[in-house]
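For reference, the structure is listed below as structure tokens.
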Amino acid sequence: MIAAIKPAGSNTRGLLAYLYGPGRHDEHSDPHIVAGFAMLGMPDPGRDPDATLTQLARHLDEPVRLRNSEFGKKVSDHVWHCPVRTAHEDRHLSDTEWADIAQRIVEAAGIAPPGDDLACRWIAVRHADDHIHILATTVREDGRRPKLHDSGIRVGDACREIEKDYGLRRLKKGDRTGTRAPTQAEMHKAQRLGWEQTSREWLQDCIRAAIPHARTAEELLGYLEADGIAIKARRGPSGDLLGYAAGRPGDLNKEGEQIFHPGGKIAPDLTLPKLQARLEAGQPVEHPTARRNRPTTAWHQATEALDSFRTDLADDTHAQAHITALGELLEATSQKAPIHLRAELQAASKAFARAQRSQIRAEDRAAHAIRNAARDIVHTATGPDGSALAALIAALLWAGIIANRWHEAKGHAHQADAARQALHHLQAAADQALTPTLVVLEQRQPKQETRRTLAHDVRAAVPDQADRILTDPSWPALAALLADAEAQGHQPHQLLKEAAAQRELGTARQPARVLITRLQHTSRNPSPNLRAEAARLRTTAAVTGQQATAAQLPAVPGVRPNRPRR
């Protein structure tokens, strides 16, 4: 059940005309009052042919007129309007049931507190099977105004209880971090202009897409302006940025002037202070030795940054910062990925936007590595190779799983749902990204004897999941990758242990595929293997006529003999 409190109005008669009228598309039928502040003597134009809308409006507005005449200051925002709608799959409620629901909602809102004989006047009008409209005039019988602060939260809580009591579809409790739903006027305007999104939805997507490109709020606004978005900056006497509003090109008012939306009205996390905290958080000074093993590309760097995602969620403020930065990295990846993957990645990024924000305050400085990786990706001039992209998308998928689990543990229902939606798209992208690699590897399967030896490595390194790995359809491809890695100087047993340690494999749909993407990332810089290096040098020497034999090689303690190759 959804109860959507509308902005305060000033025309009681005008709203009644809509409620008792045919509707915009003749969808209203049998309009009548099902509940009100005092049903006895209430004029109902829907059931009494002698009653008029003007009479009903005067009846509801009586305390407003008395207050205006007594205080001499006209009340102009006294019309409270709240449509209440059930879900499509819910049963049709009776008038008696709707009356009880309306009473509970006005009590929760503060319009008519229980037992208060001097409360506001209100009615509930039903003109369809699945919803009612509650109209109230917000001046009490004693001339005071009701306390309606946070009424939306209280009404939402009442709706959750009503759903339980009436067996209706159960919605999740809000946490005040969601974006405002588009108004009917916004949706009708978008439809009229041929836009797929309302202006606020479109602006939200544009701002989120621009965040990875900027290091300061000033840079962000400049980037948006360069992209054709109208920006109105609010500055103090010193020139410091105090706030901003954004406008969609072509979104004009009746006077032909650009319509602007403040950042906080576009989305709760797009206010200037929150953007500044994310973009301008202090960067730690990097020690020179930290650059020695720096990945060679932005794509490898991003995967490396996600390697510690799990451990960084131990602290709630750090967890929220990492999840926010994860959304930025996902957005950056969607912008730079190959065309055939962009649709799924963009859908994942859009869905994950809701998972990026919660009531927990983020310590944004904790997530500098992931945020810097996102910036590096959007500024890189070259695209990723197939293995680097597959490894990054797999890392994004695993980070999304961890984020979903964290939200579930914290009771963040809306955020957990959003993360699950993003995971659906990320899984599809991961499968697409890895397919070319699997095709190539499966064409180069090692010999059966080599596969048996590698299977022993799997059982030794990952005993709990060995059977699932070895029966995975992608096992031949994993075996080929392990054989290649050993030839390049790696020890398969050690590689498997390292890859398995990066994430648990029990919940992995296809554990062999997970290991392939992890191995592609961890094995790009081979660790020294003296015997493999000696074999490489021996082959090179043979080409130049300097033959060497394996018997002449010194024994290397702790290194196993070369295995039969393919």
Margin query: Contact between Gln491 and Glu486 at the side-chain level, heavy atoms closer than 4.5 Å - yes or no?
Written below: no
Checklist line | Criterion side chain to side chain contact (heavy atoms under 4.5 Å, CB included) on Asp227 and Cys206, from CA distance to verdict | finding: CA-CA 9 Å; Asp227 209 29; Cys206 290; 5.6 Å; no
Item checked: Polar side-chain atom of Glu219 near backbone of Arg215 as donor-acceptor pair, under 3.5 Å -> yes
Note to self: Check this for me: Lys189, atom NZ, are more than 12 non-hydrogen atoms of other residues, nucleotides or ligands nearer than 6.0 Å?
What the structure shows: yes
Notebook entry, point to check: Is there a donor-acceptor pair under 3.5 Å between the side chain of Arg357 and the backbone N or O of Ala353?
Noted result: yes
Next item on the list: For Thr183 and His188, run side chain to side chain contact (heavy atoms under 4.5 Å, CB included): C-alpha distance rounded to whole Å, both residues' side-chain angles, the deciding distance at 0.1 Å, then the answer.
Entry: CA-CA 9 Å; Thr183 65; His188 290 156; over 6 Å; no
Notebook entry, point to check: Is the shortest side-chain N to carboxylate O distance from Arg459 to Asp464 below 4.0 Å?
Noted result: no
Next item on the list: Just do the side chain to side chain donor-acceptor pair (under 3.5 Å) check on Arg208 and Gln204 with the steps written out, would you?
Entry: CA-CA 6 Å; Arg208 294 197 190 284; Gln204 180 184 170; 3.1 Å; yes
Notebook entry, point to check: Quick one: do Lys350 and Asp205 make a salt bridge, cutoff under 4.0 Å?
Noted result: yes
Note to self: Looking only at the side chains, is there a donor atom on one of His300 and Thr297 sitting less than 3.5 Å from an acceptor on the other?
What the structure shows: yes
Check: Any side-chain heavy atom of Pro268 sitting closer than 4.5 Å to one from Thr179?
Finding: yes
Notebook entry, point to check: Could Asp417 and Arg354 be called an ion pair, given the rule that one side-chain N must be under 4.0 Å from one carboxylate O?
Noted result: no
Check: With under 30° as parallel and over 60° as perpendicular, where do the rings of Phe309 and His322 fit, or are they tilted in between?
Finding: perpendicular
Margin query: Show the nearest heavy-atom pair for residues Ala108 and Arg154, with the distance to one decimal.
Written below: O-NE, 2.8 Å
Check: When you measure from the side chain of His414 to the backbone N and O of Lys172, does any donor-acceptor pair fall under 3.5 Å?
Finding: yes
Notebook entry, point to check: For Ile2, does the CD1 atom have more than 12 heavy-atom neighbours from other residues, nucleotides or ligands under 6.0 Å away?
Noted result: no
Checklist line | Contact check, side chains of Ile229 and Ile207, non-hydrogen atoms, under 4.5 Å | finding: no
Notebook entry, point to check: Which atoms form the tightest heavy-atom contact between Ala321 and Ala367, and what is the distance?
Noted result: O-CB, 3.5 Å
Note to self: Does any part of the side chain of Gln320, heavy atoms only, come nearer than 4.5 Å to the side chain of Trp406, both counted from C-beta?
What the structure shows: yes
Item checked: Check: Arg468 side chain, Ala508 main-chain N or O, donor-acceptor pair, under 3.5 Å -> yes
Checklist line | His425 and Leu345, any side-chain heavy atoms less than 4.5 Å apart | finding: no
Check: Does the ring of Trp398 carry Arg518 above it, NZ/CZ under 6.0 angstrom from centre and within 45° of its axis?
Finding: no
Checklist line | Side-chain H-bond candidate by donor/acceptor type, Thr517 with Gln520, under 3.5 Å | finding: no
Item checked: Crowding at NE2, His149 (>12 non-hydrogen neighbours, <6.0 Å) -> no
Note to self: Under the criterion salt bridge (charged side-chain N to carboxylate O under 4.0 Å, His left out), I'd like the reasoning laid out for Arg420 against Glu408: C-alpha separation, chi angles, the key distance, then a yes or no.
What the structure shows: CA-CA 11 Å; Arg420 281 192 292 271; Glu408 287 181 337; 2.6 Å; yes
Next item on the list: Check Leu272 against Leu242 and note the closest heavy-atom contact, atom names and distance.
Entry: CD2-C, 3.3 Å
Notebook entry, point to check: So, Gln346 versus Ser334: side-chain donor-acceptor pair below 3.5 Å or not?
Noted result: no
Margin query: Would you say that Ile377 contacts Thr333 through its side chain, given a criterion of any heavy-atom pair below 4.5 Å between the two side chains?
Written below: yes
Next item on the list: Verify whether one side chain among Gln356 and Asp269 offers a donor that lies under 3.5 Å from an acceptor in the other.
Entry: no
Notebook entry, point to check: What is the distance from atom CD of Glu280 to atom CG of Leu220, rounded to the nearest 0.5 Å?
Noted result: 10.0 Å
Check: Side chain of Thr471, backbone of Asp467: donor and acceptor closer than 3.5 Å?
Finding: yes
Notebook entry, point to check: With the threshold set at 4.0 Å, does a side-chain nitrogen-carboxylate oxygen contact exist between Asp472 and Arg513?
Noted result: no
Margin query: Could you report the tightest heavy-atom contact between Ile516 and Ser474, atom names first, then the distance?
Written below: CD1-O, 4.0 Å
Check: So Leu306 and Leu392, side chain to side chain contact (heavy atoms under 4.5 Å, CB included) or not? Walk me through it.
Finding: CA-CA 9 Å; Leu306 290 174; Leu392 175 56; 4.1 Å; yes
Item checked: Exceeds 12 heavy-atom contacts within 6.0 angstrom, atom NZ of Lys232 -> no
Next item on the list: Find the distance between CG (Asp484) and NE2 (His490) and round it off to the nearest 0.5 Å.
Entry: 10.5 Å
Checklist line | Greater than 12 external heavy atoms within 6.0 Å of Arg180's CZ | finding: no
Notebook entry, point to check: Only one of Arg375, Gln335, Glu331, His379 forms a side chain to side chain donor-acceptor pair (under 3.5 Å) with His213, so which one is it?
Noted result: Gln335
Margin query: Heavy-atom count check: over 12 atoms from other residues, nucleotides or ligands less than 6.0 Å from Glu225 CD?
Written below: yes
Next item on the list: Taking only Lys NZ, Arg NE, NH1 and NH2, and the carboxylate oxygens of Asp or Glu, determine whether Asp316 and Arg361 approach each other closer than 4.0 Å.
Entry: no
Margin query: Would you compute the distance between atom CG of Leu515 and atom CD of Gln465 and round it to the nearest 0.5 angstrom?
Written below: 9.5 Å
Note to self: We want to know whether His318 and Glu363 form a side-chain donor-acceptor pair, criterion being a heavy-atom distance below 3.5 angstrom.
What the structure shows: no
Notebook entry, point to check: Could you walk me through whether Glu504 and Thr507 pass the side chain to side chain donor-acceptor pair (under 3.5 Å) check?
Noted result: CA-CA 7 Å; Glu504 53 82 20; Thr507 58; 2.5 Å; yes
Margin query: With side chain to side chain contact (heavy atoms under 4.5 Å, CB included) as the criterion, how do Phe352 and Ile323 come out once you've worked through the C-alpha distance, each side chain's angles and the decisive distance to 0.1 Å?
Written below: CA-CA 9 Å; Phe352 198 76; Ile323 290 173; 3.8 Å; yes
Check: With a 4.5 Å heavy-atom cut-off, do Leu329 and Arg371 have their side chains touching?
Finding: no
Checklist line | Between Ser199 and Glu186: side-chain donor-acceptor atoms closer than 3.5 Å | finding: no
Notebook entry, point to check: How about Asp251 and Gln258: does a side-chain donor come under 3.5 Å of a side-chain acceptor?
Noted result: no
Next item on the list: Can you see which heavy atom on Leu326 is nearest to which on Ile370, and at what distance?
Entry: N-CG2, 4.1 Å
Next item on the list: State whether Lys164 and Glu161 are salt-bridged, where the test is any N-O pair (Lys NZ or Arg NE/NH1/NH2 against Asp/Glu carboxylate O) under 4.0 Å.
Entry: yes
Item checked: Donor-acceptor contact present, side-chain His493 to main-chain Val458, <3.5 Å -> no
Notebook entry, point to check: So Arg160 and Glu163, salt bridge (charged side-chain N to carboxylate O under 4.0 Å, His left out) or not? Walk me through it.
Noted result: CA-CA 5 Å; Arg160 305 294 80 79; Glu163 291 162 356; 2.8 Å; yes
Next item on the list: Quick one: closest heavy-atom pair of Val462 and Ala500, and the distance?
Entry: CG2-CB, 4.0 Å
Check: Side-chain contact, heavy-atom cut-off 4.5 Å: Leu203 with Phe260?
Finding: no
Checklist line | Heavy atoms of other groups near Glu89 CD, more than 12 under 6.0 Å | finding: yes
Next item on the list: Mark yes or no for whether Thr435, through its side chain, and Asp431, through its backbone, hold a donor-acceptor pair below 3.5 Å.
Entry: yes
